[in-house]
Protein chains: 2
Amino acid sequence: MQKYTLKDLAKLLNVSVSTVSKSLNDSPEISTETRDRVKELALLNNYIPNGMAQSLKARETKTIGVIIPNVLDSFFAKALDGIETMASSLGYRIIICISNDSIKKEAESLSTFLSARVDGLIISLAKETQRNNDFSHIIKVINYGIPVVLFDRITTQLPCDYVSIDDFKIAKKATLEMYESGCKQIAYLSTIYDTSVDLHRKKGYLAAMKRINVKPCIINIKDYGVFEKNLLSALKRNSIDGILAADELSAIFTIRSVIKNGYKIPEEISVIGFTNGFMGEKFLPSLTTVEQYAGKQGKLSVETLIARIRGELTKKKVSTVLKSKILYRDSTKSLE
Amino acid sequence: MQKYTLKDLAKLLNVSVSTVSKSLNDSPEISTETRDRVKELALLNNYIPNGMAQSLKARETKTIGVIIPNVLDSFFAKALDGIETMASSLGYRIIICISNDSIKKEAESLSTFLSARVDGLIISLAKETQRNNDFSHIIKVINYGIPVVLFDRITTQLPCDYVSIDDFKIAKKATLEMYESGCKQIAYLSTIYDTSVDLHRKKGYLAAMKRINVKPCIINIKDYGVFEKNLLSALKRNSIDGILAADELSAIFTIRSVIKNGYKIPEEISVIGFTNGFMGEKFLPSLTTVEQYAGKQGKLSVETLIARIRGELTKKKVSTVLKSKILYRDSTKSLE
DNA sequence: CTGAAAGCGCTTACAG
DNA sequence: CTGAAAGCGCTTACAG
């Protein structure tokens, strides 16, 4: 199977490589007659330009590197979907790494992305990276001149653009609304502690508890293997009747554990989660949750990145904070 | 921010580009002294080799193109995860396209993958592609000499390797076991009709119904908007007490609709789905389902592809059909 | 309107 | 042990 090059086509047509190249690129320098001959032959021989050679000259690859912590979580799946859709509609390819929350994998993939000369990067930081507060690998990339956009799991310590939601505000609101609907003792539950989003949500929760003057209760669960046990003991110790869970999966696990142990939702315990995924939407009872606009965050990240690549942005970093909202469903009591 | 090239380093060190290149690649031709000087300077200046230039010479990109229909379905998310893990552990990058079940998007991304000169492709076909039975875009790729591995949504009409599970067999088994557990009238429900997997699962179901000599009942639902309505009318018309659903989401929708309308699961209606995702595992009742080994299919696809790329495989196409199994949970009556 | 030449950043066969 | 040269497959400034 021969892969034709410009040289091959040139030889076949008895013209120069320059002429072939210009013809294929619709240069006005070339006569229509020649252009048509070249194009016809190219088509006939299934000529496909070598993108690497083109990129080498053009000094851009039309490729974006994407790093997400995982793809099983519906938030990241939706974000990835948004990223891919927007990128491909703007003519960019996506190369992807799933960090599995490991800083090592994140850093390694950054290296291969750099050598692939991606035009830019979209990253949602690994848990480990946020816990260690170690951004040296990202700084290296930025110093190398590659634009970076962070989303969701972000940090303000880095000189780059980012996209997120108003985690603090919405967590506070969710807590207060559970309180207004009649919950006396609301807990904050998280399996993603040490991430930036968890931090802001927790702070929002704490602010609300302070406002209503109730002692806060934070339930951090390290591992889904001990989820039910930890949750139930916390429940009993503190007679909790409302739970703000930091992500979708932990919210569903909460509902499930609680129901299996005989509690009624929402009558005895209310639950609010984060992320609007199928699971929460279709669960029985369905989950009241914070709409995080995952797809939109993905799309905005791409738009911001590409604008940055094209130099359409001022030096000032752009930080887009989306206003989120609560999707009221069956895991909470009605406010009215 | 200067990006150093071999030339830059060579100039700084007063040696030739060849010497720098060889040093960096640990060529035994070079004296250790020179090698160390070169490496030190490279490190100091944050030299990152230009992968495009290297690939251009080496005629390989260490990049694999991946096309999946979507990433929200947990089967594909898990498969992607497996693909990424295996590929990165073998030193390959992944560029990804989400076809959204569109043949057009599939074909377009194939074009950009070809010009990016991916070393190989892993594809799970779009619904539209399977419905139209139009593989011309894939054939073009194969003829161009790029190895292709199909998984899950496959076709045997193409000269390429593939990975799948024994859909026919396991669907037949699932149907028969529902029958043995006491179901009299089992239906097959699908929202992914026209795909190869649906076809085989349906055939397995039909074979089982023939064996037990019961008139089959096939419920195809086009759109989740009309899911509940269509399902319920079918349920009433045929007094169905067992449902084999072709994927996870439709199985969950089935359970949900059925419960909301007052049926008891599994006492009145049994449900078996496909794919072992969180949603089915954590739903109440939890879903009895077919383990499709999504991650393993992804990993095997990569291994097969890379073996093929490296020329380690004989001309004969390898078709790996995994033996699947049923995960018994709460949506079916116990067999014992 | 067409083509020769240089160059993008590498690697490697060959010469010394 | 080191380097000059050719070449991977393109594009484009320049000459004619």
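Every chain is numbered from 1 and lettered A, B, ... according to where its sequence line falls, protein lines coming before strand lines. Because the structure is a prediction, the values reported are computed rather than measured.
Atom CZ of B/Arg59 and atom P of D/dC10 are 10 Å apart (whole Å). Note: CG (B/Leu6) to C1' (D/dA4) measures 15 Å, nearest angstrom. What separates CG of A/Asp8 from P of D/dC8 is a distance of 10 Å, to the nearest Å. Between A/Glu60 atom CD and D/dC10 atom C1' the separation is 14 Å, expressed in whole Å. Separating the NZ atom of B/Lys7 from the P atom of D/dA5 is a distance of 15 Å, rounded to the nearest angstrom. Rounded to whole angstrom, the span from the CZ atom of A/Arg117 across to the P atom of C/dC8 amounts to 14 Å. The interatomic distance linking A/Tyr47 (OH) with D/dG9 (C1') rounds to 7 Å, in whole Å. In this structure, B/Leu56 atom CG and C/dC8 atom P are separated by 14 Å, rounded to whole Å.
The residue A/Ser21 sits close to a base: some heavy atom pair falls under 4.0 Å. A/Thr34 comes within 4.0 angstrom of the backbone, heavy atoms only, and of no base. Nucleic acid contact class of A/Val15 (heavy atoms, under 4.0 Å, all strands): sugar-phosphate only.
Stretches of at least 3 consecutive Watson-Crick or G-U wobble pairs, with each checked distance under 3.5 Å, appear in DNA chain D as C:1-3 with D:14-16, C:5-12 with D:5-12, C:14-16 with D:1-3.
Judged by a 6.0 Å distance limit and a 45° cone about the ring axis, A/Lys317 is not positioned over the six-membered ring of A/Tyr162.
Ring geometry, A/Phe76 versus A/Phe151: the interplanar angle exceeds 60°, so the pair is classed perpendicular (tilted spans 30 to 60°).
Note on B/Thr19: every side-chain N or O is 4.0 Å or more away from OP1 and OP2 of D/dT2. Between B/Gln54 and C/dG9 there is no side-chain N or O to OP1 or OP2 distance below 4.0 Å. Distances shorter than 4.0 Å separate none of the side-chain N or O atoms of B/Ser55 from OP1 or OP2 on C/dC10. A sub-4.0 Å separation between OP1 or OP2 of D/dT11 and a side-chain N or O of A/Asn25 is present.
In this structure, B/Ala53 and B/Ile30 both approach DNA chain D, and ranking their closest nucleotides by distance from the 5' end singles out B/Ile30.
With hydrogens and angles ignored, a donor-acceptor pair under 3.5 angstrom links the side chain of B/Lys22 to the base of D/dG3. Counting distance only, with no hydrogens placed and no angle test, the side-chain atoms of A/Ser18 and the base atoms of C/dA4 include a donor-acceptor pair under 3.5 Å.
With contacts defined as side-chain heavy-atom distances shorter than 4.5 Å, the pair B/Gln157/B/Asn133 qualifies. Counting only heavy atoms from C-beta outward, the side chains of B/Gln54 and B/Pro49 approach each other to under 4.5 Å. Under the 4.5 Å side-chain criterion, counting only non-hydrogen atoms from C-beta, A/Ile48 is in contact with B/Arg117.
For residues 76-92 of chain B, the set of pairs meeting the side-chain hydrogen bond (donor to acceptor under 3.5 Å, both in side chains) definition, not counting sequence neighbours, comprises A/Lys105-B/Glu84. Residue pairs meeting the side-chain hydrogen bond (donor to acceptor under 3.5 Å, both in side chains) criterion with at least one member in residues 299-314 of chain B, sequence neighbours excluded: B/Asp161-B/Arg308.
Here B/Lys104 pairs with B/Glu108 in a salt bridge; the nearest charged N to carboxylate O distance falls below 4.0 Å.
Among C/dC10, C/dC14, D/dT11, the nucleotide with an atom closest to any side-chain atom of A/Lys57 is D/dT11.
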